[in-house]
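Notes follow the structure.
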Amino acid sequence: MQKQWYSISGGNRLEGTVTISGAKNAAVAIIPAAILAGECCILENLPHIQDVNTLEFILSQLGAAVDFTTGDCMRIDPTRITSTSVIVPEAAQMRASYYLLGAMLGRYGECDLALPGGCVIGARPIDQHIKGMRALGAEIDIDEERNILHARAKKLVGTEIFFDMVSVGATINVMLAACRAEGLTVLANVAKEPHVVDVANFLNMMGASVKGAGTDVIRINGRPDLHGCGYAVIPDQIETGTYMIAAAATQGDVIIKNVIPTHMEAVSAKLMMEERPRPVNIKTLVYPGFPTDLQQPMMAYLTTASGQSTIHETIFENRFNHVRELRRMGASISVKDNRLARIKGVQALHGADISASDLRAGASLIIAGLMARGTTNVSNIGYIDRGYECLDQKLSALGAKISRLSKQAQGRR
Ligand code: UD1
């Protein structure tokens with residue numbers, strides 16, 4: 001097996017133009033959603049990232065005809081699906097495999113699913129997904145020993161569901177199942193993230209009736225059949241924010257293309273530069289607040305601010321694993337109760353050998369490497385591959401000195 005890492009010689013200003021790929025979090029929901037159609041769907045602007053490749057593999061294993069060989073375009077013919085059992089290791093490797101539950105239940109009234117994994121950033125239960133499916137009439141059993149969920153429904157029937165907390169995953173998942181339930185489903189206390197709206201738009205293109213996505217209440221009138229369609233996924237809000245932060249962190253000058261600026265307001269409001277980054281206080285919140293997925297990249301940027309910043313993580317209970325690695329580069333950060341980080345700005349970071357603990361932690365370390373004096377080696381980059389398309393190529397085109405290196409896994413590098 002090959003061990004791969006990014007080697008970065010820091011200190012280069014990023015300059016030029018970068019084009020943002022399709023949104024990971026929209027793509028990983030819209031691909032399973034295509035199962036709901038009785039015909040072929042053609043999806044455009046999909047990112048070539050590991051999570052999308054994994055879903056492509058899972059759908060093919062189920063019998064769907066999937067073609068992802070033409071640029072950013074994926075053709076999915078779900079009519080050939082012969083199995084509703086998603087008990088494959090790949091499903092357990094990624095968080096978003098949970099969307100197969102809503103799609104399969106909606107389409108076939110059954111699903112067996114290896115419970116999702118993904119980035120280790122907290123407990124991440126799926127009780128709200130299950131609450132929603134049960135409310136629609138599904139019977140759900142969990143085999144805790146084998147970590148498998150079994151779902152069956154003779155018929156899904158629309159109802160009112162109030163989520164106990166705002167969850168992106170639960171909102172989308174229940175929305176998928178409800179599209180083919182009998183009658184009206186009203187979802188309250190829902191997530192308003194841009195990809196929730198994107199999935200709703202896709203479902204409506206397939207003939208569903210989803211109203212209110214982007215507000216606190218979504219109303220879904222179930223339909224017995226959905227048809228195929230063509231759909232282009234929105235640009236990635238988190239990739240955009242990552243390049244915005246990387247540009248600011250290197251005092252660069254970057255034009256970012258394929259962006260929806262209104263999705264970026266919470267980030268723009270916090271990126272303030274003089275000679276050095278200005279210290280800011282950040283609290284992660286559900287959309288339209290500051291996204292938890294960007295607090296880690298933002299922390300790297302704030303390590304050299306002209307004073308003390310704070311980051312209060314309110315969404316996940318274990319999202320400061322990058323702090324230890326940033327400290328190894330000379331950052332001065334203290335963390336209280338795994339929820340509140342105080343970042344005292346230092347003059348500069350220095351290169352180090354560091355390791356990504358999750359996807360956005362990886363992005364944070366890459367940005368720190370771009371800022372640092374000397375060479376930084378970032379290992380465990382499989383996490384970064386899950387969510388960033390051609391990261392090294394895009395950064396190199398902006399003038400960064402970054403290479404992807406590999407070696408046989410035995411021994412130390
Ligand atoms: C999604 C995103 C992820 C982002 C997160 C928050 C995808 C594929 N991933 O993750 O990038 O960081 O939203 O914006 O879109 N919770 C429960 N019970 C549930 C569901 C969630 O307690 O049934 C909790 C979670 O543990 C977490 C919080 O609610 O503390 C928010 O989670 P959620 O919005 O569901 O995040 P994900 O869908 O996992």
Side-chain angles (χ1 to χ4, degrees), residues 22-33 47 49-52 54-55 91 93-103 113 115-135 140 142 149 161-177 187 189-200 213 233-234 236-242 263 266-267 283-298 312-322 338-339 358-364 383-384 386-388:
K24 163 189 170 282
N25 286 346
V28 297
I30 286 175
I31 294 168
I49 53 173
Q50 191 53 45
D51 275 9
V52 166
T54 302
L55 279 171
Q93 277 162 18
M94 63 180 291
R95 177 85 182 149
S97 55
Y98 50 41
Y99 292 132
L100 290 159
L101 173 64
L113 180 68
L115 284 171
C119 285
V120 188
I121 53 176
R124 303 184 90 178
I126 55 165
D127 56 300
Q128 297 305 301
H129 303 234
I130 292 170
K131 170 180 162 167
M133 301 306 172
R134 283 188 174 140
I140 309 237
I142 296 179
L149 179 150
I161 300 166
F162 187 94
F163 291 110
D164 302 347
M165 86 265 301
V166 178
S167 159
V168 172
T171 301
I172 293 177
N173 217 352
V174 179
M175 196 163 82
L176 299 185
L187 305 180
N189 197 27
V190 294
K192 295 180 275 201
E193 266 65 4
H195 48 290
V196 174
V197 179
D198 205 37
V199 177
V233 170
I234 51 166
D236 197 305
Q237 175 204 12
I238 306 303
E239 191 195 17
T240 306
T242 304
H263 293 169
V267 183
K283 191 172 186 177
T284 62
L285 291 168
V286 294
Y287 189 83
F290 193 95
T292 170
D293 284 355
L294 286 175
Q295 68 88 345
Q296 293 157 294
M298 194 68 184
H312 185 182
E313 171 61 59
T314 71
I315 310 290
F316 291 111
E317 59 284 87
N318 191 19
R319 209 163 199 186
F320 284 133
N321 290 323
H322 55 301
N338 240 354
R339 285 292 191 183
D358 58 79
L359 167 58
R360 308 303 171 185
S364 170
Y383 282 118
I384 301 174
R386 285 193 39 217
Y388 287 93

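As the structure lists them, so they are numbered: ligands from 1, and atoms in each ligand from 1. Since the structure is predicted, the reported quantities are computational estimates derived from the model, not experimental observations.
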Pull out every atom of ligand 1 sitting under 4.0 Å from any heavy atom of [X], numbered as shown with elements.
X: Thr292; value: 6 (C), 12 (O), 14 (O)
X: Ile126; value: 19 (C), 23 (O)
X: Arg319; value: 12 (O)
X: His129; value: 23 (O)
X: Met165; value: 16 (N), 17 (C), 18 (N), 22 (O), 29 (O)
X: Gly169; value: 35 (O), 38 (O)
X: Gln128; value: 18 (N), 19 (C), 23 (O)

Sub-3.5 Å N/O-N/O distance, Lys24 and ligand 1:
no
Kindly confirm or rule out an N or O of Ile315 lying under 3.5 angstrom from an N or O of ligand 1.
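Right, the criterion is met.
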For Asp358 and Arg386, what are the C-alpha separation, side-chain angles and deciding distance, and is it a salt bridge (charged side-chain N to carboxylate O under 4.0 Å, His left out)?
CA-CA 9 Å; Asp358 58 79; Arg386 285 193 39 217; over 6 Å; no
Glu317 contact mode with ligand 1 (heavy-atom cut-off under 4.0 Å)
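Looking at Glu317 and ligand 1, no heavy atom falls under 4.0 Å.
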Candidate list Asp236, Ile172, Ile238, Val28, test side-chain contact (heavy atoms from CB on, under 4.5 Å), partner His195, passing option
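The passing option is Ile172.
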Do Glu317 and Asn338 have side-chain N/O donor and acceptor atoms under 3.5 Å apart?
no
Applying side chain to side chain contact (heavy atoms under 4.5 Å, CB included), can you list everything that pairs with Asp198, at least two apart in sequence or on another chain?
Ala26, Ile30, Tyr231, Val233, Ile234
Sequence neighbours excluded, the answer for side chain to side chain contact (heavy atoms under 4.5 Å, CB included) partners of Ala27 is Leu46, Pro47, Val52
What orientation do His129 and Tyr98 show, parallel under 30°, tilted 30 to 60°, or perpendicular over 60°?
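Aromatic pair His129/Tyr98 classed tilted.
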For [X], is the nearest heavy atom under 4.0 Å from an atom of ligand 1?
X: Met94; result: no
X: Ala170; result: no
X: Tyr287; result: no
X: His195; result: yes

Evaluate the side-chain proximity of Val196 to Tyr287: yes if any heavy-atom separation is below 4.5 Å, no if none is.
no
Counting only N and O atoms by type, is there a donor-acceptor contact under 3.5 Å from the side chain of Lys192 to the main-chain atoms of Val286?
no
Please compare Ala191, Pro125, Pro291 and report which has the shortest non-hydrogen distance to atom 26 (O) of ligand 1.
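Going through Ala191, Pro125, Pro291 one by one, Pro125 has the nearest heavy atom to atom 26 (O) of ligand 1.
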